[in-house]
Every structure is written in C-alpha cells, then in structure tokens.
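Notes for the one structure printed next.
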Amino acid sequence: MSIEFIGFSATQETSEIVLPQGPVVNKSFLGAVARAHEYAGFDRVLVAHSSASVDGFQVASYIASQTDKLGILLAHRPGFVSPTLAARQFATLDHFSDGRLAVHVISGGDDTEQQRDGDFLDHDQRYQRTDEYLDVVKKTWTSDGPFDHDGPLYHFKGQNAGVRPVHDQHVPVYFGGSSDAAIEVAGKHADVYALWGESLAQVADTIARVRAAAAKHGRADKIRFSLSLRPVLAETEEKAWAKADAILATATERVKQNVHFNKRPQDPQNAGSKRLLETAAQGKVVDERLWTGIAALTKASGNSTGLVGTPEQVRDALVKYWEIGVTTFLIRGFDPIQDALQYGRELIPLVRAAIAEREAQDQRLAA
C-alpha cells in the first residue's frame, strides 16, 4: 500500500465548532460516520482513547458491524489490562471484523490524565511498560505453544492463546509518542509511527530519528509513517482561508464561553504537543499552508494543525510530506460527516492519483 487515509470516528457529533449533539453513545451517528468514511474511500477510521472516553473495543466492534471494508484503528493504552488478555481481545476483534483491525498504541504523556485511571508511573516508566507489554502481546499472537514470561513488570506461565490474528498472526501496530523514550520503543515495535501535523523540516527530523531507532532492530526499512492533519478546503484559496478564519472565530468564541470545548487547562506535558506548539510559535501559517490557529488556541490538544487551500493545493502539500517518507494521512474535519464526504470527493482521489503517477514514473526511471 503506497498511501493510506485514516479518518476519525466518534459516538457523538461534536468538534471545536459543533456543540455536542445527542447522547454520548449515539449508535445512529456512529454508524453514519463509519459508513460516510467507507463511502468516501478512507482505508480506516480511528477509535480514540482517553480517561473519559467510551470503551473503544465496543465502538470498534460496532463499526465493524456497520461496514464491509473499512479498517479500524483502535487506540489502546497499555497497562490497564493484562497484555495476554489484550492480545486475545485484539485477535478476537480482528476475526469479527474479518481482519480489518489495527492497534494504535498510546502510552500516555500527561500524568494528570493517567492518574484518573489509577496509573501513577512516570513518563519513562510508562514507555518501559509499553515495551514489555508489546513483547508479551506479540508473543501471545505468535507462540507455537505454551510460553512463560518473567519480566520486570509482567509474569506469565503457560500462556497459549486459543485465538490468533487473521493475517500472519499479527495486527498492525501504530505508535504515538515523540519523546526519546517513545521513539526507542517505536523503533522496536511500530509498523507505523504517527506524528502530529508539523512542518516539513520537523517531520523529516522525526522520521530520521525513528528510522535510526528502528535500525538498531534491523527495521529501518520496515517502519512507515503517519501524519495527522485537519484539511480546510474550498474552491479558491481565498475562500479556504476565509473558511479557516471562520472556524477559528467560532472555536475562539466557544473558548470564551467555556462550552464543551477540548482545550487543555495547562501547558502540555507530552513531547508531541510541545513540538506542535513550537510549530504554532512560528506563525499562523508555516510551509505555505500549514495552519496553526487551532493548535495555538487549544494548546495543541490532539490533532489540531490544518492544511488550507484548494483541493489541488492541499494535494500538493500532502505529496511533499509523502516525498519525505509519510505514507499515511490521518485527516479529520471540523464538520465530522460533511468534511469526510468532501475529502472523499475532492481530496483523496487527487492524492492517490498524484502518488500513483509519481510511483509509475519512478518505476519507469528505474527500468
């Protein structure tokens, strides 16, 4: 797969500019979001995780029941269930979804948020736990028979899972975290390393760091890279920037009113969000059309930088990231369903065609 698009799912209609609509768990909305992304040509949708979120396993299972081909990227925080149990849960869900599952491992970068679920390990200890956790998960998937594990944190005797993932005894592992500790674990375990939407120079730097970490395990050419962005599209560049300004104005008003808004109460602790704020500090616009307005407003709360322009201009910006090694784009709009459909009509086909043409050209030159 030369290029992959991931969207965003939720059980309630809400965003920085949309007040929460309906119940917290709205099956009709979740089904509509999933089907919209499948119709629009996305490869997967993310099921996010936080200490306050609904249960992701059940959300992912419902998405699988509502779609035919759409992949699911299930965010998972190691340490709250046994890794042997998690491995069997992943494998079971993989079977119920006909092999459409991938796991996005997030170790956690905010002490306060972690402690809401009773986790009092410090930052580096969490990544040490993730390393051993994934060792056990993968061994549970792949062992030929019963195995024992005696590590610093986990101890098992005679584990022999009765269910394994559908494809090659493996579920793809996506991985988030920008600290040195995170990158070391990513280099060992990740199939896809995920970044926030930073500048081209920052992304190139991180890709080089992750590849160097992966090289220690003979995996430098095996790891792929994902970038998270919030595209804002319109028929002209002027209209696209006007649309972005309107989004920021609405979001700013919601901050003033403190109405159901995802803004950090304090500066971020995690390295990825700190890097995103460094990007925002460079100005409202970086690299021609990387828009930092929402990132600055929310103190880099999650996926919050955008690309603003016509579909062709945003395509060209995405291709530049592809040229430096990004093969997956996690794109999320501000109007959850309508923006997903717009991406499917106006952006995703353009990007796929441009990259297919570049790959064909490279093959001709190589021949």
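This chain uses plain numbering: 1 for the first residue, then up along the sequence.
More than 12 heavy atoms of other shown residues, nucleotides or ligands fall within 6.0 angstrom of atom CZ in Phe80. For Gln115, the CD atom sits in a packed shell: over 12 heavy atoms of surrounding residues, nucleotides or ligands are nearer than 6.0 Å. More than 12 heavy atoms of other shown residues, nucleotides or ligands fall within 6.0 angstrom of atom CG in Asp148.
To the nearest 0.5 Å, the span separating CZ on Arg129 from CG on Leu121 amounts to 4.5 Å. Taking OG1 from Thr250 and CG from Asp245, the interatomic distance works out to 11.0 Å, rounded to the nearest 0.5 Å. Considering CG of Leu229 and OG1 of Thr305, their distance stands at 5.0 Å, rounded to 0.5 Å. To the nearest 0.5 Å, atom CG of residue Asp98 and atom OG1 of residue Thr67 are 9.5 Å apart. Between atom CZ of residue Phe29 and atom CD of residue Gln21 there is a gap of 9.5 Å, rounded to the nearest 0.5 Å. Once rounded to the nearest 0.5 Å, the distance linking CD of Gln159 with OG1 of Thr84 reads 5.0 Å.
Arg352 has a carboxylate O that lies under 4.0 Å from a charged side-chain N of Asp43, or vice versa, which qualifies the two as a salt bridge. A salt bridge does not link Arg100 to Asp68: none of the charged nitrogens lies less than 4.0 Å from a carboxylate oxygen. Remark: Asp135 engages Lys188 in a salt bridge, criterion side-chain N to carboxylate O under 4.0 Å. A salt bridge does not link Arg332 with Asp339: every distance from a Lys NZ or Arg NE/NH1/NH2 to an Asp or Glu carboxylate oxygen is 4.0 Å or more.
Side-chain heavy atoms closer than 4.5 Å link hydrophobic residues (I, L, V, M, F, W, Y) into clusters, and following such links, even through other members, never connects Tyr174 to Val326. Placement of Leu330 and Phe5 in two distinct hydrophobic clusters is found when ILVMFWY residues are connected by side-chain heavy-atom separations under 4.5 Å, directly or transitively. A continuous path of hydrophobic side-chain contacts links Tyr321 to Tyr193 [ILVMFWY only; heavy atoms under 4.5 Å]. Under the 4.5 Å side-chain heavy-atom criterion for Ile, Leu, Val, Met, Phe, Trp and Tyr, Leu297 and Val285 are members of the same hydrophobic cluster. The cluster map of Ile, Leu, Val, Met, Phe, Trp and Tyr, joined by side-chain heavy atoms under 4.5 Å apart, puts Ile63 and Leu93 in the same cluster.
Taking each heavy atom of Ile348 and Gly41 in turn, the nearest pair found is CG2-O, 4.3 Å. What you find for Ile337 and Ala32 is that their closest heavy atoms are CD1-CB, 3.9 Å. Between Thr11 and Val24, the shortest heavy-atom distance links the atoms OG1-O, 2.6 Å. Looking at every heavy atom in both residues, Val33 comes nearest to Ala10 through CG1-N, 4.5 Å. Heavy-atom minimum distance, Leu350 versus Pro311: CD1-CB, 3.8 Å. Closest non-hydrogen pair, Pro83 versus Tyr154, comes out as CD-CE2, 3.5 Å.
No donor-acceptor pair under 3.5 Å is formed between the side chain of Arg44 and the backbone N or O of Ile6. Under a 3.5 Å cut-off, the side chain of Thr292 and the backbone N or O of Gly283 do form a donor-acceptor pair. Looking at Asp110, its side chain does come within 3.5 Å of a backbone N or O of Glu113 through a donor-acceptor pair. Here the side chain of Ser226 pairs no donor or acceptor atom with the backbone of Ala194 at under 3.5 angstrom. Checking side-chain atoms of Arg224 against main-chain N and O of Val192 turns up no donor-acceptor pair under 3.5 Å. Judged by distance alone, the side chain of Glu132 and the main-chain N or O of Leu153 form a donor-acceptor pair under 3.5 Å. At least one donor-acceptor pair under 3.5 Å links the side chain of His189 to the backbone N or O of Asp131. Within the 3.5 Å criterion, the main-chain N or O of Gly302 finds a donor-acceptor partner in the side chain of Ser304. For Arg254 (side chain) and Glu16 (main-chain N/O), a donor-acceptor pair under 3.5 Å exists by modelled atom type. A donor-acceptor distance shorter than 3.5 angstrom exists from the side chain of Gln12 to the backbone of Gly22, with no hydrogens or angles considered.
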| task | Could you please spell out the steps behind the salt bridge (Lys or Arg N to Asp or Glu O under 4.0 Å) verdict for Asp180 and Arg209? | result | CA-CA 9 Å; Asp180 291 340; Arg209 291 170 62 207; 2.8 Å; yes
| Intermediate values then yes/no, side chain to side chain contact (heavy atoms under 4.5 Å, CB included), Ser178 and Leu195 | CA-CA 8 Å; Ser178 296; Leu195 306 88; over 6 Å; no
| task | Show your working on side-chain hydrogen bond (donor to acceptor under 3.5 Å, both in side chains) between Gln282 and Ser199 and close with a plain yes or no. | result | CA-CA 10 Å; Gln282 297 176 42; Ser199 69; 4.7 Å; no
| task | Tell me, with the steps shown, if Tyr133 and Val81 meet side chain to side chain contact (heavy atoms under 4.5 Å, CB included). | result | CA-CA 10 Å; Tyr133 190 94; Val81 299; 3.6 Å; yes
| When you look at Leu85 and Arg88, which way does the side chain to side chain contact (heavy atoms under 4.5 Å, CB included) test go after all the steps? | CA-CA 5 Å; Leu85 172 59; Arg88 300 195 307 275; 3.8 Å; yes
| message | Between Glu312 and Leu233, is the side chain to side chain contact (heavy atoms under 4.5 Å, CB included) condition met? List the steps. | response | CA-CA 9 Å; Glu312 293 78 12; Leu233 308 177; over 6 Å; no
| Residue pair Gln169, Thr142: steps toward the side-chain hydrogen bond (donor to acceptor under 3.5 Å, both in side chains) verdict | CA-CA 6 Å; Gln169 295 184 307; Thr142 60; 5.8 Å; no
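Residues Arg275 and Thr206 have side chains in contact (heavy-atom distance under 4.5 Å, counting atoms from C-beta outward). The shortest distance between side-chain heavy atoms of Glu38 and Gln66 does not fall below 4.5 Å. Under the 4.5 Å side-chain criterion, counting only non-hydrogen atoms from C-beta, Val308 is not in contact with Arg230. A 4.5 Å side-chain heavy-atom check between Ile3 and Phe329 finds at least one atom pair inside the cut-off. At a threshold of 4.5 Å between non-hydrogen side-chain atoms, the residues Asp191 and His170 count as touching. The closest side-chain heavy-atom distance from Asp111 to Phe120 is not below 4.5 Å. Considering only heavy atoms from C-beta on, His123 comes within 4.5 Å of Ser179 through its side chain. In this structure, the side chains of Trp291 and Lys284 come closer than 4.5 Å at one or more pairs of heavy atoms.
Residues forming a side-chain hydrogen bond (donor to acceptor under 3.5 Å, both in side chains) with Asp150 (at least two apart in sequence, or on another chain): His155. Residues passing the side-chain hydrogen bond (donor to acceptor under 3.5 Å, both in side chains) test with Glu323, sequence neighbours excluded: Arg358.
Partner of Ser9 under the side chain to side chain contact (heavy atoms under 4.5 Å, CB included) criterion, out of Leu46, Val45, Leu73: Val45 alone.
Cluster partners of Leu365: none. The rule joins Ile, Leu, Val, Met, Phe, Trp and Tyr whenever side-chain heavy atoms lie under 4.5 Å apart, and it links nothing here.
Using the six-membered ring where Trp is involved, Phe90 and His76 have ring planes that are perpendicular, over 60° apart on the 30 and 60° scheme.
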